[in-house]
Number of protein chains: 2
Amino acid sequence: MPQLRQSALRNRLLAALTAEDFARLAPHLAETPMTIRECVITSDQPIAHAYFLEDGLVSLIADTREGRVEIGLVGREGMIGVPLLLGTDRTPHNAMVQADGTALRIAAAELCAALDASAALRGVLGRYVQTLIVQVGQTVYANADYNIEARLARWILMTQDRLGRDELPITHDFMAMMLGVRRPGVTTALHILEGTRLIQAKRGRVIVLDRAGLMDFASDSYGPAEAEYERLFGEG
Amino acid sequence: MPQLRQSALRNRLLAALTAEDFARLAPHLAETPMTIRECVITSDQPIAHAYFLEDGLVSLIADTREGRVEIGLVGREGMIGVPLLLGTDRTPHNAMVQADGTALRIAAAELCAALDASAALRGVLGRYVQTLIVQVGQTVYANADYNIEARLARWILMTQDRLGRDELPITHDFMAMMLGVRRPGVTTALHILEGTRLIQAKRGRVIVLDRAGLMDFASDSYGPAEAEYERLFGEG
DNA sequence: CGCGTCCAGTACGATTCCGGACAAAGGCGC
DNA sequence: GCGCCTTTGTCCGGAATCGTACTGGACGCG
C-alpha cells in the first residue's frame, strides 16, 4: 500500500500522535470504505479492527429487543473500537455508518501491541475515551432536560462538526431513531428550525444556514462535550 | 497504616487485581471516610486522588447552569477518578457522595506510575471504564424509552447492587434530581412500586422487598450494563 | 416538649410528546 | 412517461410529565 503521510490525514487522532507512534501504526493501517447502514461493529461480536475515520459518520447505538437509541457520534475527530483500548474485544453496543466515508483500519492485535509499547499512544487514545464519556454524558443531560427542537439542533451541530460540511445527508426517520423520538416529531421540529432560518430542509438532507443560531437554540445541550475535546486535542 | 489484605477488601476492582499489582498499589492506599453530599471530584478541578469505594455510593453528575443529571453510579464495584486512567487530570463532571461510606484512596501520581508499570493493571481498570461507558449508555436508553416508574425501579436496583443492602437511604428529592424529573413524579412512582409490594417507602429511605419484581418492572432498562460488568469481572 | 426544618403527599391546569394513521410529493427504475 | 417506493407533511385523541403551590407529618434540636 502507498506510504501514509501523517500530515495528509484528516483523522484528528492520528494527527495528534507523535511521529514515532504514527510510524508504529502506519504499516498496519489500511484504507477502508464505509457505506451507509453498514455495521462496523456488531454488539457482542469480537471486534476485529479499530477504525480511524477519515470521512463519514458513525453512530454508537445501544439497541435491545424494545428499542434503539444513539449514545454517541463519531467522525474524523475520533475512532471506532474503543473497547479494544479498554482491554476487551467486544461490547453490547453497535457502531453503524450514518454517512458514507472512508476509514483507516487496523487489526485489533496490532493496535493492542502498539498500545502496550507506547505510553504516549495510550495517552492520546485514552483522552479520546474521556471525550467520548463526556459526549455520552451530555446526551443523558440533553435527553433529560431539553425538548426535541433543542436536541435536534444539538444533533445537527454535532453532525456538522464531524462531517465538516454544511449539507448533511439525513432523513427524518434517521434523526428520529437517533434522538429516540417519533418521526413526525422531527418533521415538526425541523420546521421550527427552518422557520427561523437556522437550517434549510430538503428531501433527505439538511443544510445548515446559521450555525451560531443553532448554538443559541441548543443552549447548554451543546458545548460541554465539544469544549472537552478542544481542551484535550485543541492544540494537536 | 495497617497492612491491607487483599482478600479482606470489599472493593471488587482491588479484589480483581493480580497479587503483584495489588502489592504495587497497597502502600499508597489510605482509608478515607466519605460523607453525604461531599464532592470527591469537582468539575474542571485537578483530581488529586482516585477512590476505590469500600462502602457507600457516589454519583457522577453532569451539571450546567440550567440543571444537573446523574450519568453514572459508583459503589464498591468501581472507582472514582476514571479521567486519571485516561490521561487527563480533570473532567467536566462532578462526583458526589450519595450515601456515607469509606474508600481507599491513592494519589494521582502514584496511580499513574503504577499504570505505566503494569499492563495487567491497565487491563483491569480499562475494563472498568468499559463497564462505565455501557452504564452511561444504558442511562441514555432508559431516559429515552422508559417512563418514570421503570427508571425508578432501575435506579433502585442499581443502588441496591452497589450498597449491598435492602434499605437505601434516599429522599424523593434526591431521586428526582438523579433521574432528572420532578420531585412529585418520584412520589407518585414510588407509590406505584409500593402498591405492588415491590418496595416499602419510609421517610428518607426505600426498602427493597421484591427484587425480582423490580427487575420485571424495569424491563430492559436494567440488565445490559450489569451483564457487561459480570462478563468482565464475574470470575474475579 | 414545643418549634422549626426537612420531607412526603396531593392537586390542577398547561404542555409536550406519543401512537397511529393517512395523504401528498419527490425521485428512481423501467 | 408511468408506476412504485421512499420520504415528508398533517391530523387527532390521549397519555405522560411538567410547573407550581400548598398541606400535613416526621424528626431533630434546644
Side-chain angles (χ1 to χ4, degrees), chain A residues 35-37 66-69 98-100 140-156 159 167-195 199-207 217-219 221, chain B residues 35-37 66-69 98-100 139-156 167-195 199-207 217-219 221:
Chain A
T35 58
I36 193 164
R37 313 234 176 172
E66 322 201 5
R68 51 166 48 180
V69 184
Q98 303 285 15
D100 292 338
V140 174
Y141 170 62
N143 287 354
D145 282 12
Y146 290 86
N147 60 20
I148 295 184
E149 297 102 68
R151 278 149 60 195
L152 187 59
R154 169 178 183 251
W155 194 86
I156 290 170
T159 303
E167 184 167 329
L168 317 175
I170 304 288
T171 66
H172 296 191
D173 227 347
F174 247 45
M175 289 184 266
M177 194 180 75
M178 296 302 97
L179 296 178
V181 299
R182 275 181 331 134
R183 202 267 309 156
V186 170
T187 303
T188 310
L190 279 172
H191 288 166
I192 292 172
L193 297 183
E194 209 169 6
I199 62 162
Q200 188 179 352
K202 307 241 182 188
R203 185 187 176 82
R205 60 212 156 109
V206 168
I207 301 167
F217 211 99
S219 183
S221 73
Chain B
T35 59
I36 192 161
R37 313 236 175 172
E66 321 200 5
R68 52 168 43 182
V69 184
Q98 302 287 15
D100 292 337
T139 303
V140 174
Y141 170 62
N143 288 354
D145 281 13
Y146 289 86
N147 60 20
I148 297 184
E149 296 103 68
R151 277 149 59 195
L152 187 60
R154 168 178 183 250
W155 194 86
I156 290 171
E167 183 167 330
L168 317 175
I170 304 289
T171 66
H172 295 192
D173 229 346
F174 248 46
M175 288 184 267
M177 192 181 76
M178 295 302 97
L179 295 179
V181 299
R182 279 178 328 135
R183 203 264 311 151
V186 170
T187 303
T188 310
L190 279 173
H191 289 165
I192 292 172
L193 297 183
E194 211 170 5
I199 61 161
Q200 189 180 351
K202 307 239 182 192
R203 184 188 173 83
R205 60 212 156 106
V206 168
I207 301 168
F217 212 98
S219 182
S221 73

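Values below: every heavy atom of this structure, side chains too, minus hydrogens, waters and symmetry copies. Order of the sequence lines sets the chain letters (A, B, ...), proteins ahead of strands, with each chain counted from 1.
- Of all non-hydrogen atoms in A:A218 and A:Y146, the two that sit nearest each other are O-CE2, 3.9 Å.
- The distance from atom CE of A:M175 to atom C1' of D:dG9 is 14 Å, rounded to the nearest whole Å.
- For B:D173 (side chain) and B:A176 (main-chain N/O), no donor-acceptor pair under 3.5 Å exists by modelled atom type.
- Shortest non-hydrogen contact noted between A:Q98 and A:I36 is O-CD1, 3.4 Å.
- Between the side chain of A:R151 and the main chain of A:L179, a donor-acceptor pair closer than 3.5 Å is present.
- When every heavy atom of B:R68 is checked against every heavy atom of B:M177, the shortest pair comes out as CD-SD, 3.1 Å.
- As rounded to whole Å, 16 Å separates atom C1' of D:dT8 from atom CZ of A:F174.
- The shortest distance between side-chain heavy atoms of A:I156 and A:L190 falls below 4.5 Å.
- Rounded to an integer number of Å, the gap from B:L190 CG to C:dA8 P is 9 Å.
- Atom CG of B:L193 is separated from atom P of C:dG9 by 13 Å (rounded to the nearest Å).
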So which protein nitrogen or oxygen atoms get under 3.5 Å of nucleotides 23-27 of chain C's nitrogens or oxygens?
from: C:dG26; atom 1: N2; to: A:R203; atom 2: NH2; distance (Å): 3.3
from: C:dG26; atom 1: N3; to: A:R203; atom 2: NH2; distance (Å): 3.4

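- Not a single donor-acceptor pair under 3.5 Å links the side chain of A:E149 to the backbone N or O of A:I192.
- What separates NZ of B:K202 from C1' of C:dG9 is a distance of 17 Å, to the nearest Å.
- Across all their heavy atoms, A:V69 and A:M178 have their closest contact at CG1-O, 4.1 Å.
- OP1 or OP2 of D:dT10 has at least one side-chain nitrogen or oxygen of A:H191 nearer than 4.0 Å.
- The CG atom of B:D145 sits 16 Å away from the C1' atom of D:dA15 (whole-angstrom rounding).
- In this structure, B:D173 atom CG and C:dT5 atom C1' are separated by 13 Å, rounded to whole Å.
- One can place NE2 of A:H172 at 8 Å from C1' of D:dT7, the figure rounded to the nearest angstrom.
- Heavy-atom minimum distance, A:M175 versus A:I170: CG-CG2, 3.2 Å.
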Would you tabulate the pairs of protein nitrogen or oxygen atoms and nucleotide nitrogen or oxygen atoms of nucleotides 13-18 of chain C closer than 3.5 angstrom?
from: C:dC17; atom 1: OP1; to: A:I148; atom 2: N; distance (Å): 3.3

